[in-house]
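Written out below as structure tokens is the structure these notes cover.
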Amino acid sequence: MNQTFKVQGMTCEHCVQAVQKAILKTDNTAKVQVDLPTGLVSIASSQPRSALVAAIEEAGYTVGSP
């Protein structure tokens with residue numbers, strides 16, 4: 001299932017990698033695309049939205065509405 005998140009707090013490539021790593025820790029088969037300028041993160045994963053949000057927030061970022 002494809003899901004899109006607006007992630008606040010990402011400012012550099014390190015942030016992008018941190019978000020990707022957090023998602024892949026939750027679902028190692030997920031496909032993650034991050035658009036740093038817009039803050040949009042698109043994830044193809046079978047995990048529920050709540051699990052993906054929790055992973056992103058545990059990495060230190062805020063998830064808002066896309």
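Since the model is a prediction, treat every value here as computed from it, not as a measurement. Scope of the values below: all heavy atoms of this structure, side chains included, with no hydrogens, waters or symmetry mates.
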* Any side-chain heavy-atom pair of Gln8 and Tyr61 under 4.5 Å ->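 The answer is no; the side chains never approach within 4.5 Å.
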Side chain proximity check, Val7 to Thr62, heavy atoms < 4.5 angstrom:
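Answer no - side chains too far apart.
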#### Entry: Separation of Lys31 NZ from Gln20 CD (nearest 0.5 Å)
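One finds 13.0 Å between CD of Gln20 and NZ of Lys31.
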Notebook entry, point to check: Rounded to the nearest 0.5 Å, how far apart are CE of Met10 and CD of Gln17?
Noted result: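 Going from the CE atom of Met10 to the CD atom of Gln17 covers 12.5 Å.
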- Message: Could you report the tightest heavy-atom contact between Ala22 and Ala59, atom names first, then the distance?
- Response: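 So the two residues come closest at CB-CB, 3.9 Å.
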Non-hydrogen atoms of Ala30 and Leu24 that approach each other most closely: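 Reported closest heavy-atom pair: O-CD2, 3.4 Å.
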Indicate every side-chain donor-acceptor pair of residues 37-47 with a distance under 3.5 Å to a residue at least two apart or in another chain.
from: Thr38; atom 1: OG1; to: Asp35; atom 2: O; distance (Å): 3.4
from: Thr38; atom 1: OG1; to: Asp35; atom 2: OD2; distance (Å): 3.2
from: Thr38; atom 1: OG1; to: Leu40; atom 2: N; distance (Å): 3.3
from: Ser45; atom 1: OG; to: Asp27; atom 2: OD2; distance (Å): 2.6
from: Ser45; atom 1: OG; to: Gln47; atom 2: N; distance (Å): 3.0

Practice item. Would you indicate whether Glu57, at its atom CD, is surrounded by more than 12 heavy atoms from other residues, nucleotides or ligands within a distance under 6.0 Å? Key: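 Atom CD in Glu57 is packed in, count exceeds 12.
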